[in-house]
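Take a look at the structure below.
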Amino acid sequence: GAVVSQHPSWVICKSGTSVKIECRSLDFQATTMFWYRQFPKQSLMLMATSNEGSKATYEQGVEKDKFLINHASLTLSTLTVTSAHPEDSSFYICSASRGPANTGELFFGEGSRLTVL
Amino acid sequence: AQSVTQLDSHVSVSEGTPVLLRCNYSSSYSPSLFWYVQHPNKGLQLLLKYTSAATLVKGINGFEAEFKKSETSFHLTKPSAHMSDAAEYFCVVSDLSNDYKLSFGAGTTVTVRA
């Protein structure tokens with residue numbers, strides 16, 4: 001159990017277009033989901049915390065109008081990269097919390113690689 | 001605030017020999033500590049976690065780690081490396097000071113020689 005699925009795995013888009021990435025918890029309800037960005041050969045950088053039914057909490061330096069996050073249900077959170085530009089190209093990973101935050105019950109999706117031409 | 005330092009950016013071992021990945025942490029509270037593994041173009045998989053129970057933690061695939069408060073360390077070991085262990089490994093800490101959000105180390109790349 002505890003599977004988190006991301007879709008799409010790979011996406012290529014033209015500069016100026018918007019791209020939506022979905023994160024689903026397949027067999028559990030996730031009250032909290034997290035979105036990370038990972039540059040090549042680097043660690044994961046937390047972008048935002050997404051809580052079901054409320055606005056996402058963004059980390060310092062992350063543009064909330066650029067990276068729209070919606071957590072419409074207990075099993076789905078979406079990240080929309082609006083008006084994407086080449087510098088937005090990255091590996092985006094989501095994780096979902098099944099239990100209290102301090103228990104480490106976090107499960108990660110397989111990631112979505114975005115390439116903006 | 002909590003933080004993690006992974007002391008080696010790259011570790012290369014021969015198949016069948018021990019693996020040691022070093023991690024030091026900083027935390028003002030009782031931390032939770034984790035090791036995750038990431039294979040190329042994949043998400044992260046939890047290897048093991050420490051959450052204030054036994055200081056020697058056994059994980060999946062033969063990995064284990066020991067929480068040493070006096071040394072603020074949480075090193076990851078495996079007695080015998082397999083080719084499939086080649087991946088990126090992240091040491092991660094969370095505590096109350098940051099609402100238990102995960103703070104990732106920079107990662108250690110493990111290569112395994114045949």
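So you know, we letter chains A, B, ... as the sequences are listed, proteins then strands, and number each from 1. Computation of the quantities below employed the complete heavy-atom set of this structure, encompassing side-chain atoms and omitting hydrogens, waters and symmetry-equivalent molecules.
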Check your understanding: Given that the side chain runs from C-beta out, which part of B:E88 has a heavy atom under 4.5 Å from chain A: side chain, backbone, both or neither?
Key ->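 No part of B:E88 comes within 4.5 Å of chain A.
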Review point. So which part of B:F104 gets closer than 4.5 Å to some heavy atom of chain A, the side chain, the backbone, both or neither?
Key: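 Answer is both: backbone and side chain atoms of B:F104 are under 4.5 Å from chain A.
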Review point. Hey, which of B:G107, B:S9, B:G105 has the most heavy atom pairs under 4.5 Å with chain A?
Key: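 The option with the most such pairs is B:G105.
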Point to revise | Minimum side-chain heavy-atom gap B:V112-B:H82 below 4.5 Å | key: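 Result no, sub-4.5 Å side-chain heavy-atom pair not found.
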Check your understanding: Is there a side-chain contact between B:L76 and B:L48, using heavy atoms and a 4.5 Å cut-off?
Key ->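 Answer yes - side chains close enough.
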Point to revise | Test of ring centre spacing under 6.0 Å for B:F63 and B:Y89 | key: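 Ring-ring flag for B:F63/B:Y89: true, centres closer than 6.0 Å.
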With a 4.5 angstrom heavy-atom cut-off, could you sort out which part of [X] is near chain B: side chain, backbone, both or neither?
X	result
A:T49	side chain
A:L46	side chain
A:Q38	side chain

Check your understanding: Can you tell me if A:T115 uses its side chain to pair, donor with acceptor, with the backbone of A:S89 under 3.5 Å?
Key ->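 Such a contact is absent between A:T115 side chain and A:S89 backbone.
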**Study point:** Main-chain N/O of A:S9 paired with A:H7 side-chain donor or acceptor, under 3.5 Å
**Key:**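 Judged by distance alone, no pair lies under 3.5 Å.
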